[in-house]
Every structure is written in C-alpha cells, then in structure tokens.
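This report concerns only the one structure given below.
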Amino acid sequence: MPKTPALDDRSLLAPLLASGWTLDADRDAITRVFTFGNFVDAFGFMTRAALWAEKWGHHPEWSNVYKTVAVTLTTHDAGGLTELDVKLATKMDALATP
Ligand SMILES: C[C@H](O)[C@H](O)[C@H]1CNC2=NC(N)=NC(=O)C2=N1
C-alpha cells in the first residue's frame with residue numbers, strides 16, 4: 001500500500017489549531033488534551049474514536065488519566081502530518097462535543 005503523502009497544504013491545520021490542537025513542530029505532530037466530566041465519558045470517547053481509527057487504519061498515540069485524554073496525532077509511515085491526521089482530529093473534535 002502506498003504511503004500517505006505529507007500534508008503539503010498546511011492551511012488545513014488552521015481550524016484544528018483554533019479548536020485547541022497544538023502543533024509539535026519537532027515531531028510534526030498535533031496534540032490536544034480533552035477533558036470530560038468523568039471517567040466513563042472519557043473512556044466512551046476513546047471507544048468511539050478507536051472504532052474510527054481502526055476503520056481508517058490510522059491510530060492515535062494517546063493516554064488517559066481519569067477524565068482526561070491526551071492525544072498526539074502524526075503519521076508514522078510518513079514521518080509527520082498527513083491528511084489522515086486532520087481527518088482523525090476533526091472526528092475527535094466532533095466526538096468530544098456534547
Ligand atoms: C498497515 C497499517 O495500516 C499501518 O501500519 C498504519 C496503522 N496505523 C497508523 N497510524 C498512524 N498514526 N500512523 C501510521 O503510519 C499508521 N500506519
């Protein structure tokens with residue numbers, strides 16, 4: 001399977017950076033900490049996001065502490081951001097919105 005191309009159009013990041021994502025330039029990754037009302041909501045978010053990640057064959061680096069979920073998105077095959085990261089971040093924002 002061909003590698004996903006690098007994200008050439010960086011303007012695609014703008015809505016994500018405005019919604020709470022941060023660019024980690026060293027890794028060419030985006031990060032965001034989601035905070036929920038309780039552990040069940042946090043884990044429910046992770047469960048729903050995991051199904052999209054698996055469907056798209058694109059997986060987050062993430063960790064959960066009680067009601068927070070810290071997410072890092074980058075494309076390992078590409079060594080940096082691709083449109084798949086934008087797609088998954090956008091989906092995560094939607095899933096986290098009550
Ligand atoms: C074969 C499989 O699709 C690849 O290994 C996928 C799996 N999930 C992945 N997820 C992320 N974030 N980056 C990848 O390069 C990646 N590669």
Side-chain angles (χ1 to χ4, degrees):
M1 200 149 89
K3 287 187 174 179
T4 312
L7 187 69
D8 286 335
D9 183 0
R10 293 282 155 156
S11 71
L12 294 173
L13 292 174
L16 295 172
L17 299 177
S19 78
W21 293 86
T22 299
L23 181 65
D24 176 347
D26 288 345
R27 284 198 63 195
D28 198 28
I30 49 174
T31 64
R32 179 172 176 184
V33 177
F34 292 94
T35 302
F36 298 90
N38 54 49
F39 173 73
V40 169
D41 286 348
F43 202 79
F45 163 79
M46 295 180 84
T47 304
R48 286 183 275 277
L51 294 176
W52 286 101
E54 185 62 14
K55 179 184 171 81
W56 292 334
H58 191 67
H59 302 91
E61 300 173 24
W62 56 5
S63 62
N64 161 239
V65 177
Y66 177 36
K67 61 183 181 178
T68 69
V69 180
V71 179
T72 296
L73 297 179
T74 190
T75 302
H76 307 114
D77 293 343
L81 289 164
T82 67
E83 288 190 21
L84 282 173
D85 298 301
V86 174
K87 188 173 165 182
L88 189 54
T90 303
K91 177 58 74 177
M92 285 180 161
D93 280 352
L95 292 174
T97 303

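As the structure lists them, so they are numbered: ligands from 1, and atoms in each ligand from 1. Atoms considered below: every heavy atom in the structure, side chains included; atoms not considered: hydrogens, waters and symmetry mates.
- Remark: the Glu83 side chain and the His58 side chain contain no N/O donor-acceptor pair separated by less than 3.5 Å.
- The contact set between ligand 1 and Gly57, taken as ligand atoms under 4.0 Å from a residue heavy atom, comprises 3 (O), 6 (C), 7 (C), 8 (N), 9 (C).
- Near Thr74, with a cut-off below 4.0 Å to any heavy atom, the atoms of ligand 1 are 11 (C), 12 (N), 13 (N).
- On a distance-only criterion, His59 and ligand 1 share at least one N/O pair closer than 3.5 Å.
- Donor-acceptor pairing under 3.5 Å is recorded for the side chains of Thr75 and Thr82.
- Counting heavy atoms from C-beta on, the side chains of Arg32 and Thr72 never come closer than 4.5 Å.
- Numbered from 1 in the order shown, with element, the atoms of ligand 1 that lie under 4.0 Å from a heavy atom of Thr75 read 13 (N), 15 (O).
- Between Phe34 and Trp62, a ring centre-to-centre spacing not shorter than 6.0 Å is recorded.
- Put simply, no part of Leu84 is less than 4.0 Å from ligand 1, judged by heavy atoms.
- With contacts defined as side-chain heavy-atom distances shorter than 4.5 Å, the pair Asp85/Leu88 does not qualify.
- Listed by number with element, the atoms of ligand 1 under 4.0 angstrom from any heavy atom of Asp77 are 4 (C), 14 (C), 15 (O), 17 (N).
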